[in-house]
> 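I have a structure I would like to understand better, so I am pasting it below and will then ask my questions one at a time.
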Amino acid sequence: MKRIIMMVLRNLLFVPWGWFMLNRYAKNVDNYTEGERYALLKKIVQRANKGGNITVQSYGVENIPNENGFMFYPNHQGLYDVLAIVDVCPTPFSVVAKKEVGNVPFLKQVFTCMKAYIMDREDIRQSMQVILDVTKEVKAGRNYLIFAEGTRSKNGNHPLEFKGGSFKAATKARCPIVPVALIDTYKAFDTGSIEPLTVQVHFLKPMYYDEYKDMKTTEIAAEVKRRVEETIKEYGGWN
């Protein structure tokens, strides 16, 4: 957490423009288009990464569908994951986040700007409503990110089981599923060092509806995890 806190302090609290604009957009979110809000977040995140000595290397940006209405499914290493993806993803997207991180300073404002959904996993009715709402929005052309593990892995680049239920919104929306492999993003908060850090974000080839329409959600989850793990191994993150 030390590195993230330092990033925020250096680039938001000590740069009045960033902190002021983030709060302004968060408090008046409906006054700005999704494109405007996402452009602001990218600028703030990129400045924060620079101040935190973090370089985000992106691969496979060409795999992001040209048509909106798709869902990202990355492995989950921690609080920094979404920020790493925002840094390099050219297309606006929103997030389904768990309740536990909904009030984390800075991330709270980021999620508000993204019009993210906060899911209470202990409230089945609320969780189902989130799935229905996300399905509706994806069908209407918004893009979403869900962490299929449900919680972050505490084993570095080795993902936990991908849960089938996380793919219900995608299957209901019949949208492209874009696996995303994250490598070394956990180091942004698991280490207190401010030494230069390079993390990797890999956008993998999407699974379109015709490919997964006859699969159970548990089978989709296993296949997405397999592709993510293969990429992590290929790019040296498995050790």
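None of these values were measured; they are calculated from a predicted model.
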> Tell me whether V29 shares a hydrophobic cluster with V110, the cluster being built from Ile, Leu, Val, Met, Phe, Trp, Tyr side chains joined at under 4.5 Å.
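No, because V29 and V110 fall into different hydrophobic clusters, even though each may have its own neighbours under 4.5 Å.
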
> Step through the shown structure and confirm whether more than 12 heavy atoms of other residues, nucleotides or ligands are within 6.0 Å of CD on E161.
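Count not over threshold, so no.
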
> Applying side-chain contact (heavy atoms from CB on, under 4.5 Å) to I64 and F70, what does each step give before you reach the verdict?
CA-CA 9 Å; I64 299 173; F70 58 82; 3.6 Å; yes

> So which heavy atom on N31 is nearest to which on E36, and how close?
O-OE1, 4.5 Å

> Has N155 got more than 12 heavy atoms of other residues, nucleotides or ligands less than 6.0 Å from its CG?
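Yes, the 6.0 Å shell around CG holds more than 12 heavy atoms from other groups.
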
> Looking at Q200, is its backbone amide N or carbonyl O close enough to the side chain of Y235 to form a donor-acceptor pair, meaning the two atoms are under 3.5 Å apart?
no

> Output the distance between atom OH (Y209) and atom CG (D214), rounded to the nearest 0.5 Å.
7.5 Å

> Nearest 0.5 Å, please: how far is CD1 in I124 from CD in Q129?
14.5 Å

> Answer with yes or no whether the hydrophobic clustering places V138 together with I118; edges join I, L, V, M, F, W, Y residues whose side-chain heavy atoms lie under 4.5 Å apart.
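Hydrophobic grouping puts V138 apart from I118.
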
> Find the distance between NZ (K42) and CG (L83) and round it off to the nearest 0.5 Å.
11.5 Å

> Show the numbers, then the answer: is there a side-chain contact (heavy atoms from CB on, under 4.5 Å) between L40 and Y32?
CA-CA 10 Å; L40 174 72; Y32 305 95; over 6 Å; no

> Is any side-chain heavy atom of V180 closer than 4.5 Å to one of V201?
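They are in contact (side-chain heavy atoms under 4.5 Å apart), so the answer is yes.
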
> Cluster question for you: counting only ILVMFWY and a side-chain heavy-atom cut-off of under 4.5 Å, with indirect links fine, are V61 and V228 together?
no

> Less than 4.0 Å between a side-chain N and a carboxylate O, is that true for E137 and K115?
no

> Taking atom CD of E67 as the centre, does the number of heavy atoms from other residues, nucleotides or ligands within less than 6.0 Å exceed 12?
no

> For R174, I'd like to know if atom CZ has over 12 heavy atoms of other residues, nucleotides or ligands within 6.0 Å.
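Check fails, neighbour count at 12 or below.
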
> Closest heavy-atom contact between Y38 and C89?
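Smallest interatomic distance, heavy atoms only, reads OH-O, 2.7 Å.
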
> Can you see which heavy atom on I54 is nearest to which on A188, and at what distance?
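Shortest heavy-atom separation between I54 and A188 comes out as CD1-CB, 4.1 Å.
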
> We want to know whether N49 and Y80 form a side-chain donor-acceptor pair, criterion being a heavy-atom distance below 3.5 angstrom.
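Note: N49 and Y80 side chains meet the donor-acceptor criterion.
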
> Stepwise, does the ring-ring contact (aromatic ring centres under 6.0 Å, His included) test hold for F162 with Y73?
CA-CA 9 Å; F162 279 30; Y73 283 91; 8.1 Å; no

> Okay, side chain of H76, backbone of S153: is any donor-acceptor separation there less than 3.5 Å?
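Checked: no pair found.
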
> Taking NZ in K168 as the centre, count heavy atoms belonging to other residues, nucleotides or ligands within less than 6.0 Å. Is the count above 12?
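Result for NZ/K168: open.
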
> So do the side chains of T91 and N68 get within less than 4.5 Å of each other, counting heavy atoms only?
yes

> Can you name the closest pair of heavy atoms from Y212 and A170 and give their distance?
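So the two residues come closest at OH-O, 3.2 Å.
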
> Quick one: which of F147, Y144, F203 gives a ring-ring contact (aromatic ring centres under 6.0 Å, His included) with F72?
F203

> Once you round to the nearest 0.5 Å, how far does CE of M119 lie from NZ of K98?
12.5 Å

> Are V95 and Y117 linked, directly or through other ILVMFWY residues, by side chains that come within less than 4.5 angstrom of each other?
no

> Flag yes if L79 and V96 sit in one hydrophobic cluster, no otherwise; membership is Ile, Leu, Val, Met, Phe, Trp, Tyr, and two members link when side-chain heavy atoms are under 4.5 Å apart.
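Shared cluster, no.
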
> Give me the atom names and distance for the closest heavy-atom approach of T231 to I183.
O-CD1, 4.3 Å

> Could you tell me if the side chain of F93 sits less than 4.5 Å from the side chain of V86, heavy atoms only?
yes

> Would you find more than 12 non-hydrogen atoms of other residues, nucleotides or ligands less than 6.0 Å from K233 atom NZ?
yes

> Do V130 and Q126 come within less than 4.5 Å of each other through their side chains, counting heavy atoms only?
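V130 vs Q126: side chains touch.
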
> For G69, is there any backbone N or O sitting under 3.5 Å from a side-chain donor or acceptor partner on N143?
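Yes.
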
> Under 3.5 Å, is there a donor-acceptor pair between the side chain of Q77 and the main chain of L182?
yes

> Among D81, N75, N157, whose side-chain hydrogen bond (donor to acceptor under 3.5 Å, both in side chains) with T185 holds?
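The single option meeting the side-chain hydrogen bond (donor to acceptor under 3.5 Å, both in side chains) with T185 is D81.
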
> Any chance NZ of K172 has more than 12 other-residue heavy atoms, nucleotides or ligands included, within less than 6.0 Å?
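Open.
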
> Please step through side-chain contact (heavy atoms from CB on, under 4.5 Å) for the pair F106 and I44, ending with a clear verdict.
CA-CA 11 Å; F106 181 51; I44 290 174; 4.1 Å; yes

> Can you tell me how far apart NZ (K139) and OG1 (T135) are? Round to the nearest 0.5 Å.
7.0 Å

> Is any side-chain heavy atom of L204 closer than 4.5 Å to a side-chain heavy atom of V178?
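Heavy-atom side-chain distance check fails, nothing below 4.5 Å.
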
> Please determine if R227 and E230 form a salt bridge, counting it only when a charged side-chain N lies under 4.0 Å from a carboxylate O.
no

> Could you measure the distance from the CD atom of Q57 to the CG atom of D87? Nearest 0.5 Å is fine.
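Separation between the atoms: 11.5 Å.
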
> Quick one: closest heavy-atom pair of M114 and S94, and the distance?
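M114 and S94 have their closest heavy atoms at O-OG, 2.7 Å.
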
> Can a donor-acceptor pair be found, under 3.5 Å and without considering hydrogens, that links the side chain of K205 to the backbone of N63?
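Side chain of K205 to backbone of N63, a donor-acceptor pair under 3.5 Å: no, none is there.
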
> I'd like to know if the side chain of E149 and the backbone of L160 have a donor-acceptor N/O pair within less than 3.5 Å.
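Yes.
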
